[in-house]
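Only one structure is covered here, and it is reproduced in the block below.
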Amino acid sequence: MLGGGGLVGANVYASATEDGGADSAETLSSPAGTIDCPDVGDKLTDVPEDAKEDVAKELALLDQQTADAYQRLTDAAQAIQQDPGFADNAIMKPLKEKRGATIERIVIAVDRTGDRPEGLDGLADCTLRAPEAGSGDQTNGADGGGDAQDNGGDNQNGADQGGEEQGDGGQNAGNGGQAGNGPNAADYQDIKSVQPNVQKPALSPDASRGTFATSCGVNENGLFNSDNIIVAPGVSNGAHHFHDYIGNQSNDAFASDEDLANAETSCVNQGDKSTYYWPVIRLQNGSQEQDANSPGGGIEGNAGEIVTPKEVTLNFVGNPRGKVTEMPRLLRIITGDAKAFINGTANANASWSCTGFEDRQLKDKYPLCPQGSDVVRTFKFQSCWDGTNIDSANHRTHVAFAAADGSCANGFKAIPQLVQRIVYDVNAPSLQDGGKTTPLFAVDSFPEQLHKPVTDHGDFINVFDEKLMGEVVDCINDGRKCGVGADEGNDPGQEEPTEEPTTPPADDDKPEPGDGGNEQTDPPADDDPATDAPATEDPKTGKPATEAPANDEPGDDKPATDPANDDKPTMSSTVAPKSSGTPAAGAGDDQAQGGSGDEENAGGAAAQTQPPAEDTEDSLGTKPQAVGGNLAETGATTLWPAAGGAVLLIGGFLVLIRARRSAR
């Protein structure tokens with residue numbers, strides 16, 4: 001009787017307090033919009049060599065200032081509802097003042113040894129972008145998330161974004177991703193509702209038709225950090241999100257060219273010490289990874305279980321018009337734009353699809369794949385080089401995409417094009433309950449970019465042995481298939497899924513305008529022979545296959561009430577090897593995700609941290625998350641201990657009655 005009564009009481013109490021109890025995990029409410037700041041780095045096209053280090057650190061500081069302001073915006077959601085002017089006075093104006101001082105230092109640094117940059121003064125002011133409809137507690141959505149640039153840029157009035165999210169009927173209400181800043185239901189689309197949109201370029205008689213494959217694993221050894229040596233050299237946590245790394249094993253913010261050249265490599269061909277990296281994908285399942293309390297991870301809204309790719313394929317392919325020339329050693333290339341949600345889609349270039357459907361590509365949506373089909377990310381890198389520089393001030397102008405016919409403009413030279421294909425064994429999320437049944441998945445992002453798929457991007461530094469690079473070019477120009485596994489495997493685009501999607505979208509299969517359908521996923525002008533069979537062949541070494549259709553080119557601190565003093569670059573970061581075991585869904589839900597980020601990593605390696613400068617803004621923080629529902633949501637299936645307790649209780653009464661009768 002006592003045991004049964006205890007089970008009943010304990011289970012009913014636990015269910016009733018599962019959501020909202022005093023000690024339960026609290027879901028971070030959605031932000032009161034997001035912060036839209038002009039991209040200063042994109043406007044810098046000429047920075048003298050002597051000023052590059054200082055400029056890189058100041059640009060990284062601008063990103064930190066935006067991230068800090070975004071966290072304050074999130075923390076101040078209630079105050080903003082009570083006083084609409086609070087955000088402008090306590091968050092946006094101080095941000096403008098700090099950005100102005102930082103931009104002035106950039107101008108001075110460049111002016112010392114070069115021409116004074118013009119037009120940067122007007123880039124200090126940021127705007128507060130309205131929250132998206134259907135995400136979290138917000139109900140506004142009149143503009144559907146600002147100008148809806150995440151919808152491929154073709155629906156500037158935002159009607160599609162806002163309307164689509166409202167059409168979900170609040171499917172994702174209160175979720176907004178594990179950390180409260182995305183993704184949401186409108187960021188996903190059934191791949192079967194997308195019409196085939198990949199076209200193959202016409203090949204001239206002089207086309208370089210070969211393919212060179214290199215196999216470098218899937219980051220099975222768990223090399224991660226939130227640095228970006230290309231964009232923010234010498235600055236820890238310069239990316240504000242975690243990257244997977246394969247190939248070169250010495251890539252962090254402080255690696256010199258000599259460090260990269262002398263590093264170990266995960267590539268089968270040891271002549272390839274190149275570094276290939278991209279934002280990790282996470283499942284929003286309540287798990288807390290080793291970076292849950294670290295910069296770049298949970299502190300900045302990148303929460304959940306990191307997913308190791310099933311396959312990664314790296315192919316270098318030719319040009320549809322002519323021969324290619326060797327890439328210069330240490331050439332740096334970035335494809336896609338990590339800030340495309342704010343910047344617009346001019347440089348967005350990553351695409352999303354499913355195995356068996358790779359003739360259909362999405363740029364601004366995550367795909368809902370049928371059962372038996374895997375999620376695919378594809379990156380096609382720029383294939384024209386200016387012939388002189390291995391990098392540029394904005395990391396873009398020294399390389400370019402080829403024209404539709406394969407030609408390189410402005411005297412640029414055709415180089416082997418890197419086509420990167422990453423496959424994940426993840427299930428289509430359950431949109432109707434915000435991913436509680438089957439978790440949402442999303443890429444890591446800058447906090448204010450809300451984990452939008454359009455922000456996906458890839459980075460590459462060429463550290464091929466010069467002799468091997470010569471072999472790559474000869475192979476491609478001769479029309480051969482070379483490298484690890486280049487002649488083996490099947491075309492992953494031809495795999496047939498076994499069943500219908502496990503979670504069909506809320507609407508029908510007809511793509512809506514701006515939905516990631518045809519008008520937004522027209523093939524890029526730089527399509528090349530790689531989209532044929534040579535780019536889709538699986539090596540038998542346990543490493544990934546190759547393929548390549550792509551798209552268009554391209555903490556808990558209280559909000560500040562007074563303008564903060566100008567700050568210095570924050571140098572706190574984590575270089576965190578993946579722990580040997582991944583936490584189960586819901587593990588660690590009650591652990592706080594706030595913190596300063598200077599603790600050790602779970603993998604055993606000490607976090608590489610430096611204390612922030614004394615006038616740096618407050619640390620970011622995210623609150624612990626809950627995956628369960630309340631009593632009404634859990635249903636009878638989670639009350640079976642109470643039912644069992646009731647049986648024990650009744651049985652105890654019967655035994656007691658019979659015992660008393662026998663005693664008489």
Side-chain angles (χ1 to χ4, degrees), residues 34-44 56 59-67 69-70 126 129 146 149-150 152-153 177 179 181-183 187 224-233 235-245 251 253 275-282 295-297 300-302 332-352 363-364 366 377-382 391-397 399 420 422 442-461 550-554 573 620:
T34 192
I35 294 176
D36 185 342
C37 294
D39 192 342
V40 177
D42 195 50
K43 306 298 181 183
L44 288 172
L59 290 173
L61 176 57
L62 290 174
D63 287 335
Q64 182 65 49
Q65 291 165 348
T66 304
Y70 176 83
C126 302
R129 199 167 178 174
Q149 288 176 332
D150 60 309
N181 65 337
D187 292 325
F224 308 112
N225 65 48
S226 58
D227 301 343
N228 192 326
I229 191 176
I230 297 178
V231 176
V235 180
S236 292
N237 193 37
H240 294 266
H241 52 264
F242 259 39
H243 290 123
D244 268 313
Y245 289 88
N251 187 341
T275 179
Y276 310 85
Y277 59 105
W278 55 83
V280 299
I281 275 184
R282 298 186 195 244
E300 295 182 89
N302 294 307
R332 287 146 161 84
I333 308 180
I334 298 173
T335 192
D337 184 0
K339 302 176 182 177
F341 178 56
I342 299 299
N343 289 344
T345 59
N347 292 315
N349 186 54
S351 58
W352 296 83
K363 182 169 67 174
D364 63 323
Y366 295 115
R377 299 163 80 181
T378 302
F379 302 98
K380 296 183 72 174
F381 286 70
Q382 294 88 321
D391 198 3
S392 50
N394 62 2
H395 314 293
R396 296 190 185 278
T397 54
V399 289
Q420 186 169 278
I422 312 172
V443 295
D444 268 18
S445 74
F446 284 92
E448 75 281 0
Q449 300 297 314
L450 309 185
H451 302 282
K452 297 298 181 185
V454 76
T455 65
D456 201 12
H457 56 282
D459 301 74
F460 165 71
I461 301 177
N551 292 297
D552 295 347
E553 295 178 7
S573 180
L620 301 177

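We number each residue from 1, following the sequence as shown.
Considering only heavy atoms from C-beta on, I281 comes within 4.5 Å of R377 through its side chain. Under the 4.5 Å side-chain criterion, counting only non-hydrogen atoms from C-beta, H395 is in contact with D391. At least one side-chain heavy atom of Q382 sits under 4.5 Å from a side-chain heavy atom of T335. Looking only at side-chain heavy atoms (C-beta outward), I334 and R332 stay at 4.5 Å or farther from each other. Here the side chains of Y276 and I422 are not in contact, with every heavy-atom distance at 4.5 Å or above. Counting heavy atoms from C-beta on, the side chains of Y366 and D456 never come closer than 4.5 Å. By the 4.5 Å heavy-atom criterion applied to side chains, V280 and F224 are counted as neighbours. Counting only heavy atoms from C-beta outward, the side chains of T345 and D364 never approach each other to under 4.5 Å.
Using a distance-only test at 3.5 Å, with no hydrogens or angles considered, no donor-acceptor pair links the side chain of T275 to the main chain of I461. Q449 places a side-chain N or O within donor-acceptor distance of the main-chain N or O of F341, the cut-off being under 3.5 Å.
Test D63, N347, T455 against K339 for side-chain hydrogen bond (donor to acceptor under 3.5 Å, both in side chains) and you get one pass: D63. No option in H451, H241, R282 other than R282 meets the side-chain hydrogen bond (donor to acceptor under 3.5 Å, both in side chains) test with D444. Each of D244, D227, N251 was compared with Y277 under the side chain to side chain contact (heavy atoms under 4.5 Å, CB included) criterion, and only N251 meets it.
For the pair G238 and A232, the tightest heavy-atom approach, listed with the atom from each and the gap, is CA-CB, 3.9 Å. Residue N394 comes nearest to G41 through the heavy atom pair CB-O, 3.3 Å, listed as atom of the first residue, atom of the second, then distance. For E300 against N237, the heavy-atom pair with the smallest separation is OE2-ND2, 2.9 Å. Taking both residues in full, the closest heavy atoms of F446 and A338 are given as CE1-CB, 3.8 Å, listed atom of the first, atom of the second, then distance. For P279 against H243, the heavy-atom pair with the smallest separation is N-CD2, 3.6 Å. In this structure, F379 and A350 approach most closely via the heavy-atom pair CE2-CB, 3.5 Å.
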Next item on the list: Report the C-alpha distance between Q420 and W278 in whole Å, list the side-chain angles of each, state the deciding distance to 0.1 Å, and finish with yes or no for side-chain contact (heavy atoms from CB on, under 4.5 Å).
Entry: CA-CA 10 Å; Q420 186 169 278; W278 55 83; 3.4 Å; yes
Check: Taking it one step at a time, do F242 and N302 satisfy side-chain contact (heavy atoms from CB on, under 4.5 Å)?
Finding: CA-CA 8 Å; F242 259 39; N302 294 307; over 6 Å; no
Next item on the list: Apply the test side-chain contact (heavy atoms from CB on, under 4.5 Å) to residues Y70 and L450: give CA-CA distance (whole Å), side-chain angles for both, the deciding distance (0.1 Å), then the verdict.
Entry: CA-CA 11 Å; Y70 176 83; L450 309 185; 3.3 Å; yes
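With salt bridges taken as basic N to acidic carboxylate O contacts below 4.0 Å, one links D187 and K452.
For D42, there are no side chain to side chain donor-acceptor pair (under 3.5 Å) partners two or more places apart in sequence or in a different chain. For V40, the side chain to side chain contact (heavy atoms under 4.5 Å, CB included) partners at least two apart in sequence or on another chain are L59, L62, R99, I103, I106, L120, L123.
Taken from CG in D36 to CD1 in I342, the straight-line distance is 4.0 Å, to the nearest 0.5 Å.
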